[in-house]
Amino acid sequence: MLLAAPLFALPETPPEALAALADRPGAVVVAGGTEVMPDLLWRTRTAAGFVSLRRVAALRGIARTDGELVIGATTPVAALTSAPDAGLRAAASSLGTPLVRTEATIGGNVISALPYRNLLPTLLAGGATLELTSATGSRAVPFDGFITAPGRTGLAEGELLTAVRLPAHRGFADYTKVGRRNAQFVATVSAAIVSRDGGARLAFGNAAPIPFRSDDVDTAATALLDGQASAADLQAAVAAAVDPPEDTIASADYRRHALGVLAVRLVTRAAVDGGLGA
Amino acid sequence: MSGGVGESVRRPDGPAKVRGEFCYAGDLTAEGMLIGATLRSPHPHARITRIDTRAARALPGVLAVLTADDVPGDLHFGLTLRDEPVLADGVVRYAGEPVAVVAAVDAATARRATQAIEVGYEPLPAVTDPELARDGTPLHPDGNVYRHVSYGCGDPDARGVVTVENTYRIGMQDPAFLAPEAGLAQPTADGGVQLEVATQWLHSDQKQIGWATGLPPEKVHVQLGGVGGAFGGREDVTLQVHACLLALATGRPVKMEYTREESFLAHRQRHPGTIWLRHSADADGKLISVEGRVLLDGGAYASTSPVVITNTVTLLQGPYRVDNGRFEGWSVRTNNPSCGAMRGFGVPQAAFAHEAQLDALAAALGLEPLEIRLRNALQRGDVATYGQRFDAPTPVREVIEGLQAIPLPEGIPRKAPGGVGRSAEGGEIRRGIGYAVTIKNLAFSEGHVDESTAEVSLCDGHATVHTACAEVGQGFVTVAEQVARTVLGASTVEVTQPDTLIASAGSTSASRQTMASGTAVHRACLAVRDRLLDRVARAHGLDAAELTVADGVVCAAGKPLTTVAEAAPGQIFRATEHFQHPDTYALGSPEARMYVGYGFSAQRAVVDVDVELGLVSVVQVASCQDVGAVINPTQLLGQIEGGIVQGMGLALMEAVVVRDGLITNPDFQDYLIPTIVDAPEVVSTYVTDPQPGMPHGWKGVGEPPLCTAVPVVAAAVRAATGLPLPSVPIKPEHIALGLGTAPTVSWTTPRPADPARAAQVVVDEEPRDALGTMAEEGAAPARH
């Protein structure tokens, strides 16, 4: 099916990829294929063609620069399971199966833009920026705000996500998720934390139509870290802030409750494991 | 003899399956093969106003487009009531019902052809609530009640000091076998058709293909294709008839293989149901009376719904003596997906409910869970609520005591609740221990003939075993091989692929094939052995009565004479033997014999629960099961482990979610089955009290572990959380938000049974012998 598509490009460099994309309006960019291929099989997506990034070596790999981790957009999730960031490691390790992790990429996780995707809370809590490249050059945009609705992003026509930049930090970072079995599950809800300098920043998956964070929640989390507020206060702040979906997997009430529990547990871990707070 | 009965003989198909080389039905191919595809109704209930197939027929590469008008024989099929059209007949009654089938040169063309068929639907109200359906307007000329059963025994109004009652709910479980339905049909030179298909019951398929095609049985040949799991879900016809109709219409081989979504839509699920139970006990915990009411949602077509309901209702008593009771149940037609056979066949539903009740009684009386079960344990000689005497070993006490002898797990659990999501860290984990004991009827029931036939041949020590018993992964292949080695002294054994050239083996279901086909093989082996020994006796001038076979050696008066392999060079010995269980009779018949036999099982589950998030890790399930005899320890353990994991799946996660008649989760991303990370440690021990009348005393083992695993996991989660949890699957929100109604416990004034009403079964309706024709034999439908 893929090979029979009318327009199929296998570029080897980013400029070739951009050119291929420009030549093929409506083409779907595919890297690991763990998102695109099932969609095609289930006929929930149509494509006028494909631009595969599998041979674009420059987009693959993790580099450390001053104060940042620069993660190429087609870096497989498997490589993130040993990344020098505890939050990314936790989120990557619990994504799918080993086979899926080998193929799935960080770029695909971001561009799929669904609120339950594993890596997104970690990127939001960590203050990631995205490098978007077009024929006219690159721009950096904050991950926060990039996803505008389920499946929708601020990526412009002819633009490619080329890298994810995550600030390096010395604090504590972690990720956790809840599902209905103990492996290989889509998050019913999920949460990530980055905690440093006595402050906590939380982000949540499936808490709203897009990856979600709120200053009110972070204020309550920081207060809990400082011993100035109780776990119940943080849970209440989370419950007030989130707007989780209701579906056959779980009720909105359960999600609201579980998100609060996850928030408290991450702050507790930050306090204990990070040697921060009380 | 190496490789005989009692040894862990390896599956002959094991290496190919592990290496990915096994030929499943989906791998079948033939020269000039066409691909068949199915157009299904998107509506749960609608009138078909028109079907226009012209555009589809006109597509290049399309060789046949068939609708109900093109079925040459009888349009209707079904395992019991024959109420289901091969292709929709003016009305569709569930979402996914086949409306038309096509054959084309490739899959893409076939799919395009289905899309090119124009169907006009006039949607009708979908009746998806079984209670409304039971009392509502008929959705089908045959009505909405597949079967109503109602009976009592003794004095149902007798009371002890405490009475507990509650309503329990069981969700719809999918068999979730891993290889979707597939088959290859080919026209034969005599005008007939041959079908290779992944099925559980070759002769039932043959019969139903014959109905639709109008062909006599001798012109319909069914062979078993490689089966990737079944669990009851391949007992009903899905694509069998369609593939044959297309092959006959085109004169070419036609392959059909479902997608995963189609598989969910097309095959039968386990009946979801509601069970109300009221138990009354005296101060010692002895059961005084039990009352129960069951409503099972059978979905759009009958399948085995008239049979499943009897299993659920009659086994509400559990493995306990109940002298006084009143039981009633319905299986009804709705516009939901059709339900039918699935491992346990109505009993997991009953077991989940009755075991919750026993625990509620024990808690009210301050008794240990196993103590109340021991005090009520059935014994040989007791009489069931439905009048049948337990006249074979009934080792309920023994399986409970065997379970008690298994030590609890030690050390820190390896797997926290939440698993790879690591949600438990920073939270509190509570451990719970629960117990459950169950009874499962074995083999067909209520008058349905339970039989099999085997042909065994032997030449130079090589035995060939031929039956129509479908190997669906359960391990009959090794049983047959082991019997041939032990009885015949064969040095090599080939178990041939089952087909309809030999008489029926019945369905591979109801835990019955070792008992039925295994016994037929045993008998045929004995006959072949006797023929061999007659020949050897003549050749050596000996009395055949003095000759025996042991470990592959023919002995005369105990002394080695020759080997089986060398006893008669080049000579072929062959025998065909039949086995049939003693007759059974419908509920309420004066013979009071519904069931062939029973298996009993006791389990203990240890779970760790993250109560705040409602997540569960099943740490260990210990099992002691009544198995008659251990034929193959590894295969037996496989059945126990598999049954426990599948039962645990129903208890914790597996549910086909149906909204307004539509399955919302027809895929393995949203229909979750346990992974190996979820699977508990299983410790398995056995009670081996031989089943009378069976070679080696063997009995069926496949269903009891599932029946027990559902209530035992629920009991352990209740023990950890203190919550009532009256529904399965238990969702995280049931625990985290404390949802679910607790049993009503009332302290009652004891009221002894009225002696005038004692010890008799009163069936409110006459036993019905002709609830429909069993697809295979036209016998009474009731079975399992």
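Reminder, nothing fancy here: chain letters follow the sequence lines and each chain counts from 1.
Using modelled atom types, one side-chain atom of A:N182 and one backbone atom of B:V616 make a donor-acceptor pair closer than 3.5 Å. With hydrogens and angles ignored, the 3.5 Å screen pairs no side-chain donor or acceptor of A:R181 with any backbone N or O of B:M653. A:T176 places a side-chain N or O within 3.5 Å of a backbone atom of B:R422 that can act as its donor or acceptor partner. Of the possible donor and acceptor atoms, none in the side chain of A:Y254 sits under 3.5 Å from a partner among the backbone N and O of B:K731. Side chain of A:H257 to main chain of B:L613: no donor-acceptor pair is present (N/O by atom type, distance under 3.5 Å, no hydrogens or angles).
B:L615 and A:G179 make their closest contact through CD2-O, 3.4 Å (heavy atoms, listed as atom of the first residue, atom of the second, distance).
The candidate from B:L739, B:L672, B:I676, B:V677 with the greatest count of non-hydrogen atom pairs under 4.5 Å with chain A is B:L672. If you tally non-hydrogen atom pairs under 4.5 Å between each of B:I673, B:D667, B:D670 and chain A, the highest count goes to B:I673. By number of non-hydrogen pairs under 4.5 angstrom with chain B, the leading residue of A:T268, A:L266, A:V267, A:V261 is A:V261. Here B:G418 is the residue among B:A655, B:A108, B:G418 with the most heavy-atom pairs under 4.5 Å with chain A. In terms of heavy-atom pairs under 4.5 Å with chain A, the best-connected choice from B:V420, B:T259, B:V657 is B:V420.
Applying the 6.0 Å contact sphere to CZ of A:R152 captures no more than 12 heavy atoms from other residues, nucleotides or ligands.
With a threshold of 4.5 angstrom between heavy atoms, B:L652 approaches chain A through N, CA, C or O but not through any side-chain atom. Contacts between B:I735 and chain A at a heavy-atom distance below 4.5 Å are absent for every atom of the residue. Interface remark: A:D174 contributes side-chain atoms only to the contact with chain B (heavy atom separation under 4.5 Å). In this structure, chain A has a heavy atom under 4.5 Å from the side chain of B:L737, while its backbone stays farther away. Contacts of A:Y175 with chain B are made by backbone atoms alone, with heavy-atom separations under 4.5 Å and no side-chain atom involved. Heavy atoms closer than 4.5 Å to chain A are found in the side chain of B:R659, but not in its backbone. Only the side chain of B:Q669 comes within contact range of chain A, with heavy atoms under 4.5 Å apart. Interface remark: B:E654 contributes no atoms to any contact with chain A (heavy atom separation under 4.5 Å). B:T664 touches chain A through its side chain: at least one heavy atom from C-beta onward sits under 4.5 Å away, while N, CA, C and O do not.
Applying a 4.5 Å heavy-atom cutoff, the residues of residues 239-251 of chain A that approach chain B are A:T248, A:I249, A:A250, A:S251. When the heavy atoms of residues 75-102 of chain A are compared with those of chain B, the residues falling under 4.5 Å are A:A90, A:S94, listed by number.
Residues A:L262 and B:S423 are in side-chain contact: their nearest non-hydrogen atoms beyond the backbone lie under 4.5 Å apart.
Residues passing the ring-ring contact (aromatic ring centres under 6.0 Å, His included) test with B:Y671, sequence neighbours excluded: B:F264. Checked against salt bridge (Lys or Arg N to Asp or Glu O under 4.0 Å), B:R40 has the following partners two or more places apart in sequence or in another chain: B:E262.
Between A:R255 and B:E733, none of the side-chain N atoms (NZ, or NE/NH1/NH2) sits under 4.0 Å from a carboxylate O, so this pair counts as no salt bridge. A salt bridge is defined here as a Lys NZ or Arg NE, NH1 or NH2 lying under 4.0 Å from an Asp or Glu carboxylate O, and A:R265 with B:D610 meets this definition.
Here the CG atom belonging to B:D678 is positioned 11.5 Å from the CZ atom belonging to A:R180, to the nearest 0.5 angstrom.
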